[in-house]
Amino acid sequence: MAVISSASPVSIASLFRPIRKYPTLPDLVITATSTSCLSSLSQPMDDRQQPGSKKRVVVCGGGIIGVCTAYFLAKKGAAVTLVEKSSVACAASGKAGGFLALDWCDGGPVESLARASFNLHRSLSEELNGPDSYGYRPLTTLSITVTESGPSSPSGSKSSGDSMIPSWVDGATRGPRTIGTTQTTAQVHPQLFTRTLLNTAVEKYGVEVVIGKLEQLRVEEGRVGSVVLEGGRVIESDSVVLSLGPWTGKFEMLASMFRVSGLKAHSIVLEPKDPGAITPHALFLSFHPQGGKAMDPEVYPRPTGEVYICGMSAEEEVPDDPEQIVGNPASIAMLKRVGKSVSSHLREGEARVKVEQACFLPCTDDGVPIIGEVPGMKGCYVATGHSCWGILNGPATGAAVAELVLEVRATIVDLSRFSPARFIGRRRVKV
């Protein structure tokens, strides 16, 4: 939650871990005096700007939901300021797997949102050169049962012999099943996707990015009028969008209406010695460890040649500072066991552990995202609670919220089922 205090300008590129293969995106400069992040092609929005032809919107939260919202608002003509308390995509939006599915949410309340967003990801990839910029690609997705072998088992001893299983998956596997095709499943590198969208929003549509901590909203006669940051800076606005992810519960105004909890999820990123052997197959596993209960980790090879492995989730208290989130050693160790059980290419000595990390997924009590105008506060909107589907649903959420804020006809998805008004009248129980 720290505000940047260095006296010298800082490149926004330094806010993101560099990823090999992808080109360097244009730098956006942050200065301590303005705590704003601008390209040379845009001008900072005057905090005292009077209402004019452009609607002034402040979006709070620099994760995938906030960045998508800022992008579509600005593209539709709004004057947008994005406020982020730490660094852009520093939490789940930078550490997630980036898996996309067209129809996996069918039959539930998120079906229309997910389908619209999957298709938006495809069109954004065409617009922003997604394959080269942020690793967008279609995937074949498999469900496989994997049993952890004992220390005396030979390496690369695939037990199934099923031709459906990719050659690099050479552990003790069985029961492969195709659960997604290149028409229905895909992936992005979430940090790079968020970064690409933000750069485009700033350079092409004039979005301003402020690094600062949200302190309060000022409300006059039932309508939001401005955002107050730590240190006293006031940003005048016609509307505010709160996309605070798992930190929603730490903003008192929202926490009094509904609960958003944090599910801590762990992941590692491996760099195999022979990345060319790893084919684009996402794996959803039923993993049976020696002496333990079965679990459901996931394995996502990336176009960079890296392999992302995630799982080991538990509800925990969300810390104030996203930069201080670290993984639990036992959970990280288990993910390494998953990797070496799946493939000899992912075992110690054959792959380098590049990243060990954890992040918090924002979850609601009813399992449905909260998207819409806050009851009793005109011009104040919230977008949070997407759980593990935040990267998938980011584009459609952002586009739909933009329509809602700008009061234009809804063309993306009907947001009424996601409204925070559904919690009115329910008794809030603190846990």
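Hydrogens, waters and symmetry mates play no part in the numbers below; they use all other heavy atoms, side chains included. As the structure is a prediction and not an experimental result, all values here were calculated from the model. Start at 1 with the first residue, then count along the sequence.
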Practice task
Run the numbers on Lys336 and Glu356 for salt bridge (Lys or Arg N to Asp or Glu O under 4.0 Å), then give the verdict.
Solution key: CA-CA 10 Å; Lys336 294 177 182 178; Glu356 301 175 356; 2.7 Å; yes
Exercise for the section: With side chain to side chain donor-acceptor pair (under 3.5 Å) as the test, would you mind laying out the steps for Gln187 and Arg137 before giving the verdict? Expected result: CA-CA 6 Å; Gln187 70 180 145; Arg137 68 175 177 183; 2.6 Å; yes
Practice task
Start with the C-alpha gap between Lys250 and Glu317, add the side-chain angles, then the distance that decides, and say whether salt bridge (Lys or Arg N to Asp or Glu O under 4.0 Å) holds.
Solution key: CA-CA 11 Å; Lys250 294 184 178 292; Glu317 177 65 25; 3.4 Å; yes
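Listed by chain and residue number, nothing satisfies the side chain to side chain donor-acceptor pair (under 3.5 Å) test with Arg177 (two or more places apart in sequence, or in another chain). Judged as a side chain to side chain contact (heavy atoms under 4.5 Å, CB included), and not counting sequence neighbours, the contacts of Cys359 are Ala92, Lys95, Leu361. Among residues two or more places apart in sequence or in another chain, the ring-ring contact (aromatic ring centres under 6.0 Å, His included) test is passed with Phe193 by His121, Tyr134. The side chain to side chain donor-acceptor pair (under 3.5 Å) test applied to Thr397 returns His386, not counting sequence neighbours. Looking at residues two or more places apart in sequence or on another chain, you find a side chain to side chain donor-acceptor pair (under 3.5 Å) between Asn129 and Asp132. For Glu373, the side chain to side chain contact (heavy atoms under 4.5 Å, CB included) partners at least two apart in sequence or on another chain are Lys378, Tyr381.
Using a 30° and 60° split on the angle between ring planes, Tyr71 and Tyr205 fall in the perpendicular class, above 60°.
Looking at Ser93 and Thr194, their side chains never bring a donor and an acceptor atom within 3.5 Å of each other.
At a threshold of 4.0 Å, the pair Asp321-Lys85 does not count as salt-bridged, since none of the basic side-chain nitrogens sits closer than that to a carboxylate oxygen.
More than 12 heavy atoms of other shown residues, nucleotides or ligands fall within 6.0 angstrom of atom NZ in Lys264. Residue Glu127 places its CD atom among more than 12 non-hydrogen atoms of other residues, nucleotides or ligands, all under 6.0 Å distant.
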